[in-house]
Amino acid sequence: MNPLRIGNFSGFYGDRFDALREMLTGGELDVLTGDYLAELTMLILARDRLKDPGAGYARTFLRQLEGALGLVQERGVRIVTNAGGLNPAGLAAHLCELVDRLGIPLRVAHVEGDDLTAAHPGALAAHAYLGGFGIAACLRAGADIVVTGRVTDAALVTGPAAAHFGWGPREFDKLAGAVVAGHVLECGTQATGGNYAFFQEGDVRRPGFPLAEIHADGGSVITKHPGTGGFVDIGTVTAQLLYETGGARYAGPDVTARLDSVRLRQDGPDRVRIEGVKGEAPPPTLKVGLNRLGGFRNEVVFVLTGLGIEAKADLVKEQLAAEMAKSPPAEVRWDLVRTDRPDAGTEETASALLRLVVRDPDQKVVGRALSGAAIELALASYPGFHVLAPPGKGDPYGIFEDTYVPQEEVPHTAVLPDGRPVRVPPPPETRPLAEAPPAGLPAPLEHGATRRAPLGLVAGARSGDKGGNANVGVWARTDEAWRWLAHELTVDRFRELIPESRELPVTRHPLPGLRALNFVVTGILGAGVASRHRFDPQAKALGEWLRSRHLDIPEALL
């Protein structure tokens, strides 16, 4: 049987608008997927729905598709997307109106049942992460376009693969192979050189979007359309495999994929073969993402220039502390960012930033009263007083939490093109999630001369967020570098290099098949990205910070 060619045209809500048309015209495809949802996106869509009960889906998808429906029909490509967000039925209805208006006979179906908000009082949105078998049911019933709500990102690939190859729910190795391919595709151009540690090795000015050739046994080849920008190699695929993952067991609603079984092989220019993936029965529960409002947040950034930076910072803190004592915010955080340089050639490089962030359930406490107090210091504080931007009235911020419910309690439903709802049964076999057995490490590299140098000279990294936790995946590019990295980059060394993690739980997960270590730092992001707990609220650059840190590296590797 020929492989199923599945492409991606969106990795997030706001991705390249023209990518849908680019993928349809760039080469052969069977299925085209679009991923629009993230933890923060769900909160954004929930706030949209507060203003308009008919909203809650990714509006840009409708505009993207309107200009490409003729191509979809002409090329015979099926579209699968989670752009339905909080309202997949609403988006499906608009799509039906669109195809009728344009006179293009495409059949629309959708997947629902993920919305558990009613069972979680106080949440703006509470949605279970569904698997791919609802998508598969829609495609088997003849749907040309399938829209979903909150499914796992990889389900956009496992669903079409299960439908095409006729996989059943107990074919765990095949499903796991599709999950791994789906995880590589889900973030779009991150698999083709975007956000890549070694980006200078190719032309990444406009990376093409990735596609996977899925085979009947679950194996796949990651590639891209000919002539598009970027590049696909073992490094770009490894980086994406490590993104937003944890241990060796990568659990999902349909299957638990063993990341420690994955093997990558360069299969030609811009082609990486994924093979050997093993799967296990999925957990008996589904993850439910809860988004709620946490209160109100305000921020003022003071610019401190020239001499006496720390004394100037102390003065502002004392002045505002007196004002804040009148109505103390629940949380006050000061950060002095030393971007200044001695004898600087420009005013900007002579300046440091003093950042004040306050949070409270009451908008008045963090709003105009605080903003006014900060601005009233303009002629009564340190020399050179100014701020980056006028402070505002205080903005709402969100909190993300997750919980778990039994799979059988979630009404996973495929609404077929003829409008019939079909209940998707829970998996017939489950297995409680547990840590994988410890991975064997290679023999340490022989001792030799070392040189103080950045870790990034011998290792790549990619980092991301899962709620309040961050992961940092670090991989070596050669067997020798892996022998050194596996023994050098311990949890203690990681904490030394990333001081923010010293008081937090840090877990290290070796993945020898990828020559990689995956670190999970629990709680470093507070209550999730919407709470804006730290300077880099999604830990996107945490890996690059780690790569910039210096340690003693064997000269043989440099």
Side-chain angles (χ1 to χ4, degrees), residues 39 197 242-248 294 297 299 309-310 313-314 317 330-340 352-359 397 399-402 435 438-439 441 444 450-476 481 484-511 516-553:
E39 293 167 3
L242 294 172
Y243 182 64
E244 294 182 347
T245 58
R297 176 186 185 278
E299 178 177 328
I309 295 294
E310 292 183 1
D314 289 341
K317 289 179 184 179
E331 181 183 342
V332 178
R333 176 169 174 169
W334 292 94
D335 289 297
L336 177 59
V337 184
R338 298 299 301 264
T339 53
D340 56 303
L353 302 178
L354 177 64
R355 183 167 172 252
L356 167 64
V357 175
V358 291
R359 291 186 173 86
Y397 69 90
I399 289 177
F400 177 86
E401 300 168 328
D402 56 48
E435 286 291 331
L441 298 178
T450 63
R451 189 196 325 158
R452 199 77 176 167
L455 174 63
L457 295 183
V458 296
R462 177 167 286 165
S463 54
D465 65 313
K466 282 293 182 185
N469 305 334
N471 92 289
V472 185
V474 187
W475 77 94
W484 172 78
L485 184 73
H487 296 278
E488 173 64 23
L489 196 56
T490 61
V491 168
D492 287 343
R493 181 73 75 214
F494 182 93
R495 285 196 170 113
E496 176 186 320
L497 298 173
I498 304 295
E500 280 184 81
S501 70
R502 287 178 183 170
E503 304 302 321
L504 298 172
V506 178
T507 309
R508 186 181 100 144
H509 302 281
L511 297 169
L517 302 170
N518 201 15
F519 293 87
V520 177
V521 186
T522 302
I524 193 171
L525 303 180
V529 55
S531 71
R532 291 181 283 172
H533 178 71
R534 66 190 294 272
F535 168 69
D536 174 15
Q538 288 181 281
K540 295 289 189 181
L542 193 58
E544 285 301 293
W545 179 25
L546 178 65
R547 293 182 69 237
S548 74
R549 299 307 309 270
H550 288 222
L551 64 172
D552 296 324
I553 299 175

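Every heavy atom of this structure was used, including side-chain atoms; hydrogens, water molecules and symmetry mates were not.
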At what distance, to the nearest 0.5 angstrom, does [atom1] of [X] lie from [atom2] of [Y]?
X      : Y      : atom1 : atom2 : result
Leu525 : Leu542 : CG    : CG    : 8.0 Å
Ile553 : Leu457 : CD1   : CG    : 6.0 Å
Arg359 : Glu299 : CZ    : CD    : 9.0 Å
Thr450 : Leu551 : OG1   : CG    : 9.5 Å
Leu356 : Leu336 : CG    : CG    : 12.5 Å
Leu517 : Leu242 : CG    : CG    : 9.5 Å

Heavy-atom side-chain contact between [X] and [Y] under 4.5 Å:
X      : Y      : value
Leu504 : Thr522 : no
Lys317 : Leu354 : yes
Leu489 : Phe519 : yes
Asp492 : Glu496 : no
Val357 : Asp335 : no
Trp545 : Glu500 : yes

Q) Taking 4.0 angstrom as the limit, do Glu310 and Arg338 come out as a salt bridge? A) yes
Q) If you measure from the Lys or Arg side-chain nitrogens to the Asp or Glu carboxylate oxygens, is any gap between Glu331 and Arg333 under 4.0 Å? A)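 Arg333 and Glu331: not salt-bridged.
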(Q) Before you tell me yes or no, could you show the steps for Val458 and Leu485 under side chain to side chain contact (heavy atoms under 4.5 Å, CB included), namely the whole-Å CA-CA distance, both residues' side-chain angles and the distance that decides it to 0.1 Å? (A) CA-CA 9 Å; Val458 296; Leu485 184 73; over 6 Å; no
Q) Is there a side chain to side chain contact (heavy atoms under 4.5 Å, CB included) between Val337 and Phe535 once you walk through the steps? A) CA-CA 10 Å; Val337 184; Phe535 168 69; over 6 Å; no
Given 3.5 Å as the limit, does a donor-acceptor pair link the side chain of [X] with the main chain of [Y], or not?
X      : Y      : answer
Glu39  : Gly467 : yes
Thr490 : Arg493 : yes
Asn471 : Val520 : no
Ser463 : Val472 : no
Arg297 : Tyr397 : no
Arg547 : Val474 : no

Shortest non-hydrogen separation from [X] to [Y] and the atoms involved:
X      : Y      : value
Ala541 : Asp536 : N-OD2, 2.8 Å
Ala352 : Asp340 : CB-OD1, 3.5 Å
Trp475 : Ala461 : CZ3-N, 3.2 Å

Q. Could Arg508 and Phe494 be counted as a cation-pi pair, given that NZ or CZ must be under 6.0 Å from the ring centre and within 45° of the axis?
A. no
